[in-house]
Q: 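First the structure, then my questions, so here it is.
Lettering follows sequence order; numbering is per chain, from 1. Side chains are part of it too, since the values below use all heavy atoms of this structure and drop only hydrogens, waters and symmetry mates.
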Protein chains: 2
Amino acid sequence: MVKQQLHIVKIGGNIINDEGALFSFLKDFSELDSPKILVHGGGKRATEIAEAMGLKPKMIAGRRVTDEATLEVVTMVYAGLLNKKITAQLQKLNCYALGLSGADANCIVAHKRIVAAVDYGFAGDVDTINSEFIQVILQNNITPVFCAITHDKNGQLLNTNADTIASEIAIAMSNSYEVVLNYIFELKGVLEDIKDENSVIQHINLEKYEQLIESGIITEGMVPKLHNCFNALKKGVQKVNIGDASLIKNTNNLFTSLTIDNFS
Amino acid sequence: MVKQQLHIVKIGGNIINDEGALFSFLKDFSELDSPKILVHGGGKRATEIAEAMGLKPKMIAGRRVTDEATLEVVTMVYAGLLNKKITAQLQKLNCYALGLSGADANCIVAHKRIVAAVDYGFAGDVDTINSEFIQVILQNNITPVFCAITHDKNGQLLNTNADTIASEIAIAMSNSYEVVLNYIFELKGVLEDIKDENSVIQHINLEKYEQLIESGIITEGMVPKLHNCFNALKKGVQKVNIGDASLIKNTNNLFTSLTIDNFS
C-alpha cells in the first residue's frame, strides 16, 4: 500500500518574532494540501517577558541553563501565548488546528538531560512520541501544532529543542506516512559559499554530504543540523527540506533537499 | 439506548492556589471511573505575574477590564503554565489527559462581549462547543482539561468565565452523555445558614429553588450561580453538584445536588 504524504514543518525565531512574516507563513502553511504538522520554537518574547519579570538568565560555566523560573516562563510563552496565538490564527485561515505540548496526551515523553559534571537544568531529551494519538488527530483532519515543551511522565515539564522535536515526530510518523520534514530558517538553504545567499546546494544525498564535510564546505553550525537530518532519513523519513519561509510554496524551487540516495 | 455517564468537574482559585490541595484533588479526579472532563479557572499566579511585569489592573468605571496586556498574561498563565502543569500531573497519575483552550480544534468559539456603554475588553461569551471533537477524544479514553481561554474564529483569543465554560460544555455533551456537572468551590454546598458551614442543603429541585429565592435564603453571589445551574439542567444536563473538593470522592455525602425534579 502506498503511504499518504505527511508534511512536518518547523519554524523558529526568525518567523515567530515578525508578526507579518508569521501570518504570511501561516497562510502558506494552511494551504498545504496533504496532512501536516507544525512545530514551533520560541522567539524573543520569552526573553522579553523574563526580563520584564526581573529574571536574569542563569549561567553555569558560560552555558545558559533552564532553571525553574526560566522553565515557568518558557512554558507560559511557548505552550500558552505562542501556541494559542498560532492556533487561533490557523483557525481563522480555516486550518483546523490543535495546539499541543508534549504533556498533552503524552505526545512527547522526555527525560531530564543528565551528563556528568554538566547541569543542563530542566532540558529534556526525547524518549517516545505518541504516534498513535497523532494519527487519530490527523485522521480527523486536524493539524497538530507542537510547541517545544515536553514532560517526563512523572509530573515534570521540560524544555526541549524544537528541531529535535520535529525530527523525532518525523521519525515516529514515518511508520504510517511518507514523511517530508521541512526546516525553515533564515537562509535559502545549505550554501556552497556562505557569503553568497543564492549559492544554494539544491540536492544533497548521503555521498554528497560526506564529501561536503570532508571538503569543509559545510560550516560549523550546519554540521550538527545536517547530522540530525541524515539521522532522520536513515530512520525512515523520506525527505528533508531546508530553506526560508518560501520553502513550502509550490512556486519556490530554491532550497536544499536532503535524501539518502538520488531517488527522491 | 442508555447514555453513558460523563462527569464534568470545575475547579477554581481555592484549589489551584494551593499545590497540596491541587495534587490531592487531581488524585481523586484521576480515580473517577466514568469518562470525565476537567475545567479549571485561573488563580492568583496570573495576578502575581502581571504584578511582576509591572502591569496595573485596568479599571473602567470601577470594573476590571481584560485589556490586551492582561489577555496576554491570562493566556500565558491559564493556557500555558496552569493547563500544562495540571496535564503533566494527571499523566503522572495515569490519567491520560489532553490540555485544551477554546482555540484548539475550535473547541469553544466565543464572541467579544459588547454591551452598550460598557467596555468589557477581551471578554468572550460562548457561541459554540465542538462536541464532535470532544466526543472523539473521550472515545479514545482521553480526559480533556480545559482552561478558560476561548477564541472568536477570527484570530482573537478571549478570556471567558470558567463556570460558564463548564456549563456550556455540559449542555453540549448532554446530547450524547448523561452529564453530571460538578462545581467545586470553598464551601461544602449551598448553605441554609451562611454562618454555619455544615448547614448544607443536600437537594434542591426547581420548586425548592424558587422557594429558596423567595424566602431570601439564597444569598447574593449564589443567585446567578444557581440560575446558571438550573439553566444547564433545563437544557439537558442530568444533575449539578456543588461542594468542596471532597465532592468527587465516593465517601463524601455532604454537598448540594441540583436536579429539575425529585428523580435524580
Side-chain angles (χ1 to χ4, degrees), chain A residues 23 26 45-46 48-49 51-55 71-94 96-107 109 130 132-133 136-137 139-140 142-145 147 149-158, chain B residues 23 26 45-46 48-49 51-55 71-94 96-107 109 130 132-133 136-137 139-140 142-145 147 149-158:
Chain A
F23 191 76
L26 292 175
R45 198 76 192 103
E48 287 168 0
I49 284 169
E51 275 169 10
M53 289 174 67
L55 299 176
L71 179 70
E72 193 171 72
V73 171
V74 296
T75 302
M76 293 196 304
V77 178
Y78 300 175
L81 194 59
L82 293 175
N83 193 262
K84 300 320 166 198
K85 271 194 173 177
I86 289 172
T87 301
Q89 288 298 337
L90 286 173
Q91 304 294 8
K92 178 182 180 177
L93 294 160
N94 287 315
Y96 187 24
L98 171 65
L100 293 165
S101 76
D104 298 307
N106 278 328
C107 275
V109 178
N130 187 349
E132 209 177 311
F133 170 77
V136 167
I137 293 305
Q139 281 164 353
N140 280 276
I142 300 172
T143 296
V145 176
C147 67
I149 300 294
T150 60
H151 77 134
D152 70 354
K153 185 78 179 67
N154 200 27
Q156 181 64 57
L157 295 166
L158 295 164
Chain B
F23 191 75
L26 292 175
R45 197 76 192 101
E48 287 169 359
I49 285 168
E51 276 169 10
M53 288 173 68
L55 300 176
L71 180 69
E72 192 172 74
V73 171
V74 296
T75 302
M76 294 197 302
V77 177
Y78 300 174
L81 194 60
L82 293 175
N83 192 262
K84 300 318 165 198
K85 270 194 174 177
I86 288 171
T87 301
Q89 287 298 335
L90 285 174
Q91 304 295 7
K92 178 182 179 176
L93 294 160
N94 287 315
Y96 187 25
L98 171 64
L100 293 164
S101 76
D104 298 307
N106 278 328
C107 275
V109 178
N130 187 349
E132 209 177 310
F133 171 77
V136 167
I137 293 304
Q139 281 164 352
N140 279 276
I142 300 172
T143 296
V145 177
C147 67
I149 301 294
T150 60
H151 77 134
D152 70 354
K153 187 76 179 66
N154 200 27
Q156 181 63 57
L157 296 166
L158 295 164

Q: Among B:L81, B:N94, B:V145, B:L100, which has the most heavy-atom pairs under 4.5 Å with chain A?
A: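 Top count of heavy-atom pairs under 4.5 Å with chain A: B:L81.
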Q: Taking side chain as everything from C-beta outward and backbone as N, CA, C, O, which of these in A:L71 sits under 4.5 Å from a heavy atom of chain B? Side chain, backbone, both or neither.
A: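 Neither; nothing under 4.5 Å.
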Q: Is chain B contacted by the side chain of A:A105, its backbone, both, or neither, given a heavy-atom distance below 4.5 Å?
A: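 Both backbone and side chain.
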Q: Considering only heavy atoms and a distance below 4.5 Å, find which of B:V109, B:V77, B:L90, B:V136 pairs most often with chain A.
A: B:V136
Q: Measure A:N106 against the heavy atoms of chain B and call it side chain, backbone, both or neither at under 4.5 Å.
A: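 When you check distances to chain B, atoms from both the backbone and side chain of A:N106 fall under 4.5 Å.
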Q: Pick one of side chain, backbone, both or neither for B:L93, based on which atoms fall under 4.5 Å of a heavy atom in chain A.
A: neither
Q: For A:I137, which atoms come within 4.5 Å of any heavy atom of chain B: side chain, backbone, both, or neither?
A: side chain
Q: Flag yes if more than 12 heavy atoms outside B:E132 fall under 6.0 Å of its CD atom; otherwise flag no.
A: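 Open.
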Q: Using a cut-off of under 4.5 Å on heavy-atom pairs, state which of A:Q89, A:K153, A:H151 scores highest against chain B.
A: A:K153
Q: Test B:K84 against A:D104 for side chain to side chain contact (heavy atoms under 4.5 Å, CB included), laying out the working first.
A: CA-CA 8 Å; B:K84 300 318 165 198; A:D104 298 307; 2.9 Å; yes
Q: Considering only heavy atoms and a distance below 4.5 Å, find which of A:I142, A:N140, A:L98 pairs most often with chain B.
A: A:L98
Q: Going through the checks in order, is the side chain to side chain contact (heavy atoms under 4.5 Å, CB included) test met by B:R45 and A:E72?
A: CA-CA 11 Å; B:R45 197 76 192 101; A:E72 193 171 72; 2.7 Å; yes
Q: For A:Q139, I'd like to know if atom CD has over 12 heavy atoms of other residues, nucleotides or ligands within 6.0 Å.
A: yes
Q: If we only count heavy atoms from C-beta on, is the B:M76 to A:I49 side-chain gap below 4.5 Å?
A: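 Side-chain contact under 4.5 Å: yes.
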Q: Taking the side chain as every heavy atom from C-beta outward, state whether B:V73 and B:M53 have any pair of such atoms under 4.5 Å apart.
A: yes
Q: I need the minimum non-hydrogen distance between B:N83 and B:G99, along with the two atoms involved.
A: OD1-CA, 3.0 Å
Q: Against chain B, work out which of A:C147, A:C107, A:G102, A:S101 has the most heavy-atom pairs shorter than 4.5 Å and name it.
A: A:S101
